[in-house]
Protein chains: 2
Amino acid sequence: MLVADNATAPTYTIGECARRSGFTMDTLRYYERIGLIDDVRRTATGQRRFTDGDLEWLGTLKCLRDTGMPVEQMARFADLVREGDHTIPERIRLLEAHRVAVDERMADLAAKRDYISGKIDYYRSV
Amino acid sequence: MLVADNATAPTYTIGECARRSGFTMDTLRYYERIGLIDDVRRTATGQRRFTDGDLEWLGTLKCLRDTGMPVEQMARFADLVREGDHTIPERIRLLEAHRVAVDERMADLAAKRDYISGKIDYYRSV
DNA sequence: CTAGGACTTGGAGTGGACTCCAACGCAAAC
DNA sequence: GTTTGCGTTGGAGTCCACTCCAAGTCCTAG
């Protein structure tokens, strides 16, 4: 559930963040550990409290991960973001290269989907 | 290179089969071991000789694998093929279910590709 | 005939990305 | 204030699909 510090800055426990981001709690901790997520804010007793900003970033990570970007390259992207605005050109290059990879993957899937359809048609004709 | 038993039935060494199928030699041996490929014909001294029929089957496996079918399900499909023509309806069901999965994957990729494009546009606008 | 590359085996090892564990502390509901 | 369950840690374990290894045999070009 939502845990509010004040009216304008909602925060989320790791469980709630998992539910909202689509990552498991373990994956969220793992991503923080390897530097994919900046150190998350903590309560006085050490529990994580994710912000909407964290969730937005997690959305980007989810997109990159689900389109097949390796963790190492996501980490590189995270580093670029941390380094500041002067890395934006490189971020664009990285994303463009990834988009090309996604396009190729989709084209390959489309071709192979047709092959499967052909196989199905063949089986239907027997 | 091609190793012909006679004019009508070319066979291929594992190296040549690897080159033609796009699998590594190790993967071909592994697939045979776990039953994805029927026992391959051998020379008197035990070396494998793949046929055009084997290559065709490998093409199907490559298509299924590259579209994300788990090895276990490919093995199930291979079993159905071995069991004979009466399993054709089930093979059709399996392939149709897989095609649905591929379609979903493509739709997901397309949506996420758009997200990436949006991100690129945003970075370009900064 | 010989050199060098291709092939054989069973089994162990790898890489990527998590996923689980134990033993504990903290929180929210009643 | 106690129970129920969510959260913490470091490190070990898992899963999938290969991939590599060693020690040996086979094949073919010259």
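The figures here come from the full heavy-atom set of this structure, side chains too, leaving out hydrogens, waters and symmetry mates. Quick note on labels: first sequence line is chain A, next is B, and so on, each numbered from 1.
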Readout for nucleotides 11-18 of chain C: B = base within 4.0 Å of protein heavy atom, S = sugar-phosphate only, - = neither; 5' to 3' it is ------BB
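- Aromatic ring orientation, A:Phe23 versus A:Tyr31: perpendicular (interplanar angle above 60°, classes split at 30° and 60°).
- Per the geometry, CZ belonging to A:Phe50 stands 11 Å off C1' belonging to D:dG7, to the nearest Å.
- Remark: C1' of C:dT9 and CE of B:Met25 are 14 Å apart, rounded to the nearest angstrom.
- Checking the phosphate oxygens (OP1, OP2) of D:dT9, a side-chain nitrogen or oxygen of A:Arg42 falls inside 4.0 Å.
- Among the nucleotides D:dC27, D:dT8, C:dT9, the one closest to the side chain of B:Gln47 is D:dC27.
- Comment: A:Arg76 does not engage A:Asp79 in a salt bridge, judged by the lack of any side-chain N to carboxylate O separation of less than 4.0 angstrom.
- One interatomic measurement links the two molecules: CZ of A:Arg41 to P of D:dG7, which rounds to 16 Å at whole-angstrom precision.
- Contact check, A:Thr45 against C:dG25: no side-chain N or O comes under 4.0 Å of OP1 or OP2.
- You'll find the side chain of B:Thr24 stays beyond 4.5 Å of the side chain of B:Tyr30, heavy atoms only.
- Nucleotide D:dC18 holds its C1' atom 14 Å from the CD1 atom of B:Ile14, rounded to whole Å.
- Spacing between atom CD1 of B:Ile34 and atom P of D:dC18 amounts to 8 Å, rounded to whole angstrom units.
- Spacing between atom CD of B:Gln73 and atom P of D:dC16 amounts to 13 Å, rounded to whole angstrom units.
- Taking the charged nitrogens against the carboxylate oxygens, B:Arg20 and B:Glu16 do have a contact shorter than 4.0 Å, which makes a salt bridge.
- Look at CG on A:Leu28: it is 16 Å from P on D:dC6, rounded to the nearest Å.
- Counting heavy atoms from C-beta outward, A:Thr51 and A:Leu55 have side chains that stay 4.5 Å or more apart.
- Counted by atom type alone, B:Tyr12 and B:Asp52 present one or more donor-acceptor pairs between their side chains at under 3.5 Å.
- Using a 4.0 Å heavy-atom distance criterion, A:Arg48 is classed as a sugar-phosphate-only contact.
- Between B:Thr13 and B:Arg49, the side chains place no donor N or O within less than 3.5 Å of an acceptor N or O (distance only, hydrogens not considered).
- Between B:Glu16 atom CD and C:dG5 atom P the separation is 18 Å, expressed in whole Å.
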